[in-house]
Amino acid sequence: MKLIIMGPQASGKGTQAKKIAKKYKLKHISMGEIFREISRGKDELGKKVKELIDNGNMVPDETTNEIVKKNISKNKNFILDGYPRNIEQVKFLNNTTDIDNVIFINTSHEEIIKRITGRRKCPECGKDYNINVDYLKPGKNELCDKCKVKLEKREDDNPTAIRIRLATFEEKTMPVLDYYRNEGILIEVNGNFTIEEIFKEITEKIEKRKKEKKKKNV
């Protein structure tokens, strides 16, 4: 199974991608995580990527495409998280592999801003929290429940970067959703619900698509 998961910043696509990957035994290819890893490097690429991310800008298509191609060539079953973000990337992907379904987590701007401003991460174990979402809050004083260390806020979770990312999503990524909708492989779910409610809706729709595909192939 080859999937793409899409949604605006803080829609929960990363969390859902991990759950989907575990359920269906897929490789989770997170472009955000890959770019953040690169940005921690001290070379010129690392510095350039860090500056782009911190300012809410996109990494150039040429660089992004090569990273994606390298990762998907190693895996027959995967879920792509954070790619493609524009029609040019869609064209590149179409020439690289076939995609079964594209999952879109449709989330309101109000909910997105609430989640982004509350996002926190443990610097030691990497666990994600959110001080604005009841079921994701840490137990005490913004400390990791497990490590008992102060949680950190992502550098790119600042008001200016948030506005740029939302505007970029509307401008560049909505046409991608329209493309996959016209192709008949878009699965749309409500991103304003809880993690488990969203996951339930996603898996139900994936299973429905699998059954429909099976009938066509009989």
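The figures that follow rest on heavy atoms only: side chains count, while hydrogens, waters and symmetry mates do not.
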Working to the nearest 0.5 Å, report the span between [atom1] of [X] and [atom2] of [Y].
X	Y	atom1	atom2	result
E111	N106	CD	CG	12.0 Å
I105	I198	CD1	CD1	6.0 Å
D145	K127	CG	NZ	5.0 Å
L93	Y83	CG	OH	5.5 Å

- Starting from the C-alpha separation in whole Å, work towards a yes-or-no answer on salt bridge (Lys or Arg N to Asp or Glu O under 4.0 Å) for R36 and E33. CA-CA 5 Å; R36 280 190 283 276; E33 290 298 325; 3.1 Å; yes

[X] versus [Y]: any side-chain heavy-atom pair under 4.5 Å?
X	Y	value
F104	T173	no
I38	V59	no
I5	L80	no
P175	N86	no
L52	P60	yes
F78	H28	no
D100	K213	yes
S39	V49	yes

- Message: Pair L3, V102 - check side-chain contact (heavy atoms from CB on, under 4.5 Å), show working.
- Response: CA-CA 6 Å; L3 303 176; V102 178; over 6 Å; no

- Have a look at E142 and tell me which of R120, K137, R119 forms a salt bridge (Lys or Arg N to Asp or Glu O under 4.0 Å) with it.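 Of R120, K137, R119, salt bridge (Lys or Arg N to Asp or Glu O under 4.0 Å) with E142 is met by R120 alone.
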
- Item | Among R209, K205, K211, K210, the one residue meeting salt bridge (Lys or Arg N to Asp or Glu O under 4.0 Å) with E207 | K210

- Message: Other residues, nucleotides and ligands only: do more than 12 of their heavy atoms fall within 6.0 Å of CG on D98?
- Response: no

- Message: For K208, I'd like to know if atom NZ has over 12 heavy atoms of other residues, nucleotides or ligands within 6.0 Å.
- Response: no

Can you name the closest pair of heavy atoms from [X] and [Y] and give their distance?
X	Y	value
E37	R40	OE1-NH2, 2.9 Å
Y180	P84	OH-CG, 3.7 Å
K114	N130	O-OD1, 4.3 Å
N65	Q89	OD1-CG, 3.6 Å
G191	R115	O-NH2, 2.6 Å
Y129	C144	OH-SG, 3.4 Å

- Applying the side chain to side chain contact (heavy atoms under 4.5 Å, CB included) test to M6, which of L186, V176, I103 qualifies?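 Going through L186, V176, I103 one by one, the side chain to side chain contact (heavy atoms under 4.5 Å, CB included) with M6 is satisfied by V176 alone.
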
- Task: Output, in order, the C-alpha distance, side-chain angles, deciding distance and verdict of side-chain contact (heavy atoms from CB on, under 4.5 Å) for K146 and E124.
- Result: CA-CA 10 Å; K146 178 183 177 182; E124 292 192 8; over 6 Å; no

I'd like to know if the side chain of [X] and the backbone of [Y] have a donor-acceptor N/O pair within less than 3.5 Å.
X	Y	answer
K121	E152	no
Y24	N77	no
K25	K22	no

Does a donor on one side chain and an acceptor on the other come within less than 3.5 Å for [X] and [Y]?
X	Y	answer
E197	T194	yes
K23	T203	no
N94	Y179	yes

- Query: With hydrophobic residues grouped by side-chain heavy-atom distances under 4.5 Å, do I187 and M174 end up in a single group?
  - Reply: no

- Message: Could you go through I4 and I185, starting from their C-alpha distance and side-chain angles, then the distance that decides it, and tell me whether this counts as side-chain contact (heavy atoms from CB on, under 4.5 Å)?
- Response: CA-CA 10 Å; I4 294 170; I185 62 172; over 6 Å; no

- Query: So M1 and I206, side-chain contact (heavy atoms from CB on, under 4.5 Å) or not? Walk me through it.
  - Reply: CA-CA 10 Å; M1 188 185 295; I206 287 177; 4.2 Å; yes

